[in-house]
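Remember, it's 1-based here, ligands and their atoms both numbered in the order they're listed. All values below were derived from every heavy atom in this structure, side-chain atoms included, with hydrogens, water molecules and symmetry-related copies excluded. Please read all numbers here as calculations on a predicted model, not as lab measurements.
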Amino acid sequence: MPVAIITGASKGLGRALASALAQRGWDLVLDARTPEALHTTAEALSAYGGGVQALPGDVTDAGHRVALVSAAWDLGGVDLVVSNASALGAEPLVRLEALPLEGLRRALEVNVVAALGLVQEALPLLRESAAGAVIAVSSDAAAEAYETWGGYGASKAALDQLAAVLGAEEPGVRVWAVDPGDMGTDLYAAAVPDDGDPRPEPASVVPAFLRLLDERPASGRYSAPSLLEVR
Ligand SMILES: NC(=O)c1ccc[n+]([C@@H]2O[C@H](COP(=O)([O-])OP(=O)(O)OC[C@H]3O[C@@H](n4cnc5c(N)ncnc54)[C@H](OP(=O)(O)O)[C@@H]3O)[C@@H](O)[C@H]2O)c1
């Protein structure tokens with residue numbers, strides 16, 4: 001069975017994607033910092049019959065990233081790495097004039113440095129896979145100038161560029177940066193607590209990710225809404 005490492009998998013998009021892969025028979029290595037929520041998710045997903053390893057930890061911890069890849073190796077290898085865990089840099093978001101530089105550093109460390117570190121760790125196994133792939137969960141804030149989203153958006157733009165270059169450097173591995181679109185999650189609520197408008201459930205965008213895995217288009221940047229359009 002194929003094996004995926006998914007960061008930030010205890011809730012939100014990470015959990016929804018992990019659930020869909022578990023239902024398709026994938027074996028999973030899941031990460032998040034809060035052990036209780038992660039173990040609850042892992043227990044629920046193991047009911048689908050596949051191997052599910054839950055490793056609580058912070059993606060910025062290099063030793064934790066080694067442990068994630070090692071757990072995947074124990075399950076048979078690495079076919080997919082999903083860098084989904086993310087930091088906003090400020091909660092709620094603030095204009096650039098007030099963005100704490102420590103917050104920006106944290107967003108870059110979580111969203112960019114850790115994502116590359118995990119891929120570096122997994123690359124030898126991804127190259128061995130018959131269908132190796134990396135998904136970098138991006139945002140439209142990487143490409144649009146939304147007020148208050150500057151620090152987070154800059155980190156996602158950097159992630160997009162790492163993904164683009166990795167795709168050029170690794171022709172045997174598919175590398176997709178994916179903008180999932182707005183979703184009603186804890187991350188969105190922390191970013192914009194006053195925005196009470198309903199947002200789509202994370203599960204509603206998972207078919208976009210599954211389409212990438214099924215059709216394996218060229219490495220590049222994709223948006224969930226366009227992937228979900230009927231052909
Ligand atoms: N929600 C939106 O509208 C939206 C829009 C565009 C893009 N995105 C992107 O979609 C992805 C998923 O976000 P979401 O909205 O689903 O967020 P979410 O529901 O808040 O889930 C975030 C997950 O990441 C984990 N996490 C956060 N920091 C971590 C760290 N340093 N190390 C390990 N795990 C960490 C969280 O668990 P712990 O807190 O326990 O660690 C949780 O499992 C992110 O990349 C986000 O930037 C979201």
Exercise for the section: Number the atoms of ligand 1 from 1 as they appear, then name those within less than 4.0 Å of a heavy atom of Thr34, with their elements. Expected result: 38 (P), 40 (O)
Practice task
Would you mind listing which atoms of ligand 1 come within a distance below 4.0 Å of any non-hydrogen atom of Asp31?
Solution key: 33 (C), 34 (N)
Exercise for the section: For ligand 1, note which part of Lys156 has a heavy atom under 4.0 Å away: side chain, backbone, both or neither. Expected result: side chain
Exercise for the section: Measure Ala114 to ligand 1 on non-hydrogen atoms and call it side chain, backbone, both or neither using the 4.0 Å cut-off. Expected result: neither
Let me check something: any side-chain donor-acceptor pairs from residues 25-34 under 3.5 Å, sequence neighbours excluded? List them with distances.
residue	atom	partner	partner atom	Å
Asp27	OD1	Gly51	N	2.7
Asp31	OD1	Gly8	N	2.9
Asp31	OD2	His64	NE2	2.6

Problem - Residue list, side-chain contact (heavy atoms from CB on, under 4.5 Å) with Ser86, at least two apart or on another chain - result: Asn111, Tyr152, Lys156, Leu187
Handout entry: For atom 10 (O) of ligand 1, the protein heavy atom that lies nearest, with its residue and separation
Key = Val137 CG1, 3.3 Å
Exercise for the section: Could you tell me if any non-hydrogen atom of Asp58 lies under 4.0 Å from any atom of ligand 1? Expected result: yes
Practice task
Report the member of Arg33, His64, Glu36 with the shortest heavy-atom distance to atom 29 (C) of ligand 1.
Solution key: Arg33
Practice task
Please report which non-hydrogen protein atom sits nearest to atom 1 (N) of ligand 1, along with the residue it belongs to and the distance in Å to one decimal place.
Solution key: Thr185 OG1, 3.0 Å
Handout entry: Protein residue, atom and distance nearest to atom 12 (C) of ligand 1, heavy-atom basis
Key = Asn84 OD1, 3.0 Å
Problem - Contact check, side chains of Val69 and Leu118, non-hydrogen atoms, under 4.5 Å - result: yes
Problem - Ligand-side contact atoms (ligand 1) for residue partner Pro180, heavy atom cut-off under 4.0 Å - result: 6 (C), 7 (C), 8 (N)
Handout entry: Under 4.0 Å to a heavy atom of Arg106 - the qualifying atoms of ligand 1, by number
Key = 31 (N)
